[in-house]
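Below is one structure, written out as structure tokens, with a few remarks after it.
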2 protein chains.
Amino acid sequence: MASKVIGLRERNRQHRVGLILGAASRLFAQGGYDSTRIEEIAEVAEVAPATVYNYFTNKANILTALAARHVYSSWAERSAYVQNPPSDPVEAVQGFERLLADQAMRTLGRECWRVIMAAPYLQPGSRLHRAGIIFGWLIERHYRRMLRTFQERGQLDADVDIRALAELITAIGTYHFGRRVSDENMTLDTLKQDIERHVLITFLGVMPRQARPDAPGVLARH
Amino acid sequence: MASKVIGLRERNRQHRVGLILGAASRLFAQGGYDSTRIEEIAEVAEVAPATVYNYFTNKANILTALAARHVYSSWAERSAYVQNPPSDPVEAVQGFERLLADQAMRTLGRECWRVIMAAPYLQPGSRLHRAGIIFGWLIERHYRRMLRTFQERGQLDADVDIRALAELITAIGTYHFGRRVSDENMTLDTLKQDIERHVLITFLGVMPRQARPDAPGVLARH
DNA sequence: TATAAAAAAAGAGCCAACTCTAATTTTTTG
DNA sequence: CAAAAAATTAGAGTTGGCTCTTTTTTTATA
């Protein structure tokens, strides 16, 4: 007992936030981020426009909340993947990037992710920016978990700095996610190949001789 | 002879464009990109606001032109570096990234680069976006040139896919340039170390045994 | 030099995010 | 249940990028 007693005021607050986020989520998905006016969101949420500003300082701030919700709700799925990855490291990384992208697109739509990716540049220090950094750390942690598994399996040199490697792989993944989001015409296949090339090179130096991939493509002359 | 005769009309056009770009460059450097209003630019350039829009469809479009000017004017310096890089590959990459960053900051200022880095996300398909892609290709070419030199020196396996490697290094560089530009508080030293860690791992697998670095840090447990 | 073509300038106006202030309503508290 | 506290709401206003139309000026051409 003594579970924190929530007053009516607080309950209303949470309810309203829920309404606003729900409305925003639907409208963003439907009409896109830019063309959705805050007035609209307020209208659908059955709330005054000023109230939206009361809870969220920015339009981008609403997106922050949605993104946070997404990150939280999809955590278990990522975690499961990472604890039992495919046997081939390169394939495992590709698969994880694929999972991340699928999860991302499932909830927010490309235009929203564009805004999120642009936030560090347009609003440095904003909540959206900080949220992005933290999400990066989370992914890095997932990769560390994955890499440790590979180490236990003997597919990775024992003396590799897992932290640095996870950092690099996260960077590569983030870079390519950015390309995917910004380029409408990029095929998933091209992207997959690009990631493969880069991850292959990355792994080349840190795998024990016998586990090293033949590196088709990497060692082939162009 | 028969050198293209430029009419008065064309000469005026070029002159005006020069005035506008000059004014924009000064004002962006002085007051920042966001706070510089197009009206101001017009005023300083002694031109009507409507005329600015006549030559540049966007505010961002003005930035495109400035960036293009920068890329062109600093090409020789980059080219010189790349043709005679430091003996250590990792150091060479670090040095080139440093050169790129220095060149960048020399002409445009952090805030402008933020806008440029955000362009692929906010205005996909825009001139600024395309310009960024092309600049990426240029850097990749520089790296290919550098890597070929290392190959000739025997510091790189003969059968490495130069193209893929240059692509990866460019990606790493771009990623870190983005971090540098977006994070006000990041020290150049931290950044340098991060780049070093990543490039070290990258090179580990593609260098001949005897040329391989001791990889201090990479092979150390964290 | 007169006429046609092209470009620049003036100026009004749209749009949507965001701000501010002054009610009005709701919730808490004594 | 009344007074105090807190939040919602209405509504007017600001800002700056951008558009559009019309007039004026400049340049090219016959």
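Atom set for the values below is all heavy atoms of this structure, side chains included, hydrogens, waters and symmetry mates excluded.
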Nearest-Å distance, [atom1] ([X]) to [atom2] ([N])?
{"X": "A:I38", "N": "C:dC15", "atom1": "CD1", "atom2": "P", "answer": "18 Å"}
{"X": "A:L122", "N": "C:dA17", "atom1": "CG", "atom2": "P", "answer": "16 Å"}
{"X": "A:E46", "N": "D:dT9", "atom1": "CD", "atom2": "C1'", "answer": "15 Å"}
{"X": "B:R13", "N": "C:dA6", "atom1": "CZ", "atom2": "C1'", "answer": "10 Å"}
{"X": "B:I62", "N": "D:dG16", "atom1": "CD1", "atom2": "P", "answer": "16 Å"}
{"X": "A:R16", "N": "C:dT27", "atom1": "CZ", "atom2": "C1'", "answer": "11 Å"}
{"X": "B:E39", "N": "D:dT15", "atom1": "CD", "atom2": "P", "answer": "12 Å"}
{"X": "A:I41", "N": "C:dA16", "atom1": "CD1", "atom2": "P", "answer": "13 Å"}

Looking at [N], I'd like to know if its phosphate oxygens (OP1 or OP2) sit under 4.0 Å from a side-chain N or O belonging to [X].
{"X": "A:T51", "N": "D:dT9", "answer": "yes"}
{"X": "A:Y55", "N": "D:dA7", "answer": "no"}
{"X": "B:N54", "N": "C:dA7", "answer": "no"}
{"X": "B:R37", "N": "D:dT15", "answer": "no"}
{"X": "B:N12", "N": "C:dA7", "answer": "no"}
{"X": "A:N58", "N": "C:dC18", "answer": "yes"}

Report which part of the nucleic acid A:T36 touches: base, sugar-phosphate, or nothing (heavy-atom distance under 4.0 Å, all strands).
sugar-phosphate

Under the side-chain hydrogen bond (donor to acceptor under 3.5 Å, both in side chains) rule, what do A:E167 and B:H198 come out as? Steps first, then yes or no, please.
CA-CA 8 Å; A:E167 208 179 80; B:H198 294 177; 2.8 Å; yes

Would [X] and [Y] pass as an ion pair if we require N to O under 4.0 Å?
{"X": "A:E10", "Y": "A:R13", "result": "yes"}
{"X": "B:E140", "Y": "B:R144", "result": "yes"}
{"X": "B:E43", "Y": "B:R37", "result": "no"}
{"X": "A:E77", "Y": "A:R106", "result": "yes"}
{"X": "A:R179", "Y": "A:D194", "result": "yes"}

Strand contacts (DNA chain D) in residues 107-114 of chain A, 4.0 angstrom heavy-atom criterion
none

Check the surroundings of atom CZ in B:R110: do more than 12 heavy atoms from other residues, nucleotides or ligands lie under 6.0 Å from it?
yes

With the threshold set at under 4.0 Å for non-hydrogen atoms, list the residues of residues 17-26 of chain B touching DNA chain C in residue-number order.
none

Side chain of B:Y81, backbone of B:A92: donor and acceptor closer than 3.5 Å?
yes

Give a yes or no on whether the backbone of A:G125 and the side-chain of A:H129 come within a donor-acceptor separation of less than 3.5 Å.
yes

Euclidean distance, A:L128 CG relative to A:K59 NZ, rounded to 0.5 Å
13.0 Å

Would B:R78 and B:S74 count as having a side-chain donor-acceptor pair, cut-off 3.5 Å?
yes

Hey, which sits more toward the 5' end of DNA chain D by its nearest nucleotide, B:A50 or B:Y53?
B:Y53

Identify the heavy atoms of B:L63 and B:Y33 that sit nearest to each other, and give their distance.
CD2-CE1, 3.8 Å

Polar pairs (N or O, both sides) under 3.5 Å between protein and nucleotides 28-30 of chain C?
from: C:dT28; atom 1: OP1; to: A:L8; atom 2: N; distance (Å): 2.8
from: C:dT28; atom 1: OP1; to: A:R9; atom 2: N; distance (Å): 3.0

